[in-house]
Amino acid sequence: MMMFSELLSWIVPMATPEATPQETGGCSTRKARWGAGLLTGLLLSTCLQAAELTPSVLAPSQDTTPILTLQAADHREQLSLSDIERLPLHEATLQHPEGPAGVYSGVLLEDLLAAYALGDAARLRLIAVDNYSIFLKQAQRKEKDYLLVTRFDGAPIPQSQRGPLMLVVPADEDAVLEGQEPFDKWIWSLATINAS
């Protein structure tokens, strides 16, 4: 397997003080370094792009088993996979920081909240089946898209694999994987959303 430095020297011969013009293909030190920097930037930019959300072509689920509780001061609703997937489905191919890489499909959290008259909620508390919880303020929800994941690689997610619902932030994938952003807003086995 070729090392990255070997790849660079193969594509852009590096000029060193002792290198002859024949060894560098006539490249000056400045041009060789500029070329290597450009190539490095291009390679990294293609490898480290944030996951992109795109519309999904999955058919909505027909499963009517309740899996999510929506609660607000004045009402409480039990939603099934079928209820959730009535909304437009989206997907992103990404690497979960504590799970597998693949296609994560579901609905935008804001779409779900709007459909159930909770879009104006100032704060959400999202609670997993083990009572782990996270809080999201309205301002945070407006900054980026949160994907309420209902499927992984096209199939519903069993509870034994951190399902049936997860919340992921595709725009944060790179920053989370590089340790520049916490992934405390990524929650799995989501069971309840409390809006206040």
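Residues take their numbers from the sequence shown, with the count starting at 1. Computed from a predicted model, the values in this text were never measured in an experiment.
- When side chains are defined from C-beta on, Thr192 does not count as touching Leu68, because their heavy atoms never get closer than 4.5 Å.
- Under the 3.5 Å distance criterion, the side-chain polar atoms of Glu77 are left unmatched by any main-chain donor or acceptor of Tyr116.
- Checked options Gln71, Arg76, Arg123; the residue passing with Asn194 is Gln71 (criterion: side-chain contact (heavy atoms from CB on, under 4.5 Å)).
- Atom CG of Asp130 has more than 12 heavy atoms from other residues, nucleotides or ligands within 6.0 Å.
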Exercise for the section: Could you walk me through whether Asp63 and Ser61 pass side-chain hydrogen bond (donor to acceptor under 3.5 Å, both in side chains), step by step? Expected result: CA-CA 6 Å; Asp63 187 343; Ser61 173; 5.1 Å; no
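- Under the 4.5 Å side-chain heavy-atom criterion for ILVMFWY residues, no single connected hydrophobic cluster contains both Val107 and Val103.
- Across all non-hydrogen atoms, the minimal contact from Arg141 to Leu118 is NH2-O, 4.2 Å.
- Counting heavy atoms from C-beta on, the side chains of Ser105 and Leu89 never come closer than 4.5 Å.
- Under the 4.5 Å side-chain heavy-atom criterion for Ile, Leu, Val, Met, Phe, Trp and Tyr, Tyr104 and Leu53 are members of the same hydrophobic cluster.
- Taking 4.0 Å as the cut-off between side-chain N and carboxylate O, Arg151 and Glu85 count as a salt-bridged pair.
- Using a 3.5 Å distance cut-off with no hydrogens or angles, the side chains of Gln62 and Ser82 do not pair a donor with an acceptor.
- Residues Ile67 and Thr150 fail the side-chain proximity criterion, which asks for heavy atoms closer than 4.5 Å.
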Problem - Working for side-chain contact (heavy atoms from CB on, under 4.5 Å), residues Leu147 and Val169 - result: CA-CA 6 Å; Leu147 183 66; Val169 190; over 6 Å; no
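- Taking CD from Gln140 and CD1 from Ile134, the interatomic distance works out to 9.0 Å, rounded to the nearest 0.5 Å.
- Atom-to-atom distance recorded for Glu178:CD and Asp172:CG is 11.5 Å, nearest 0.5 angstrom.
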Problem - Candidate pair Tyr146 and Lys185, rule side-chain contact (heavy atoms from CB on, under 4.5 Å), full reasoning - result: CA-CA 9 Å; Tyr146 290 80; Lys185 300 301 184 245; 4.0 Å; yes
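- A heavy-atom distance below 4.5 Å is not found between the side chains of Thr65 and Ser80.
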Using a 3.5 Å cut-off and no angle test, enumerate the donor-acceptor pairs between side-chain atoms of residues 157-167 and protein atoms at least two apart in sequence or in another chain.
from, atom 1, to, atom 2, distance (Å)
Arg162, NH1, Glu98, O, 2.1

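- Remark: Asp111 CG to Leu109 CG distance equals 9.0 Å, nearest 0.5 Å.
- Contact between Leu177 and Pro97 at its shortest, heavy atoms only, is CD2-CA, 4.0 Å.
- Residues Trp188 and His96 are in side-chain contact: their nearest non-hydrogen atoms beyond the backbone lie under 4.5 Å apart.
- Atom NE2 of His90 is separated from atom CG of Asp145 by 8.0 Å, given to the nearest 0.5 angstrom.
- Here the CD atom belonging to Glu91 is positioned 9.5 Å from the CG atom belonging to Asp153, to the nearest 0.5 angstrom.
- Between atom CG of residue Leu108 and atom CG of residue Leu87 there is a gap of 9.0 Å, rounded to the nearest 0.5 Å.
- Hydrophobic clustering (side-chain heavy atoms under 4.5 Å, transitive across Ile, Leu, Val, Met, Phe, Trp, Tyr) keeps Leu124 apart from Val129.
- Residues Phe152 and Ala101 share a closest heavy-atom pair of CZ-O, 3.5 Å.
- Residue-environment remark: NZ (Lys137) stays at or below the threshold of 12 foreign heavy atoms within 6.0 Å.
- The hydrophobic cluster containing Leu190 does not contain Ile127, counting ILVMFWY residues as joined when their side-chain heavy atoms lie under 4.5 angstrom apart, directly or transitively.
- Under a hydrophobic clustering in which Ile, Leu, Val, Met, Phe, Trp and Tyr are joined whenever their side-chain heavy atoms come within less than 4.5 Å, directly or via other members, Phe135 and Ile187 fall into different clusters.
- Between Leu81 and Asp83, the closest side-chain pair of non-hydrogen atoms is not below 4.5 Å.
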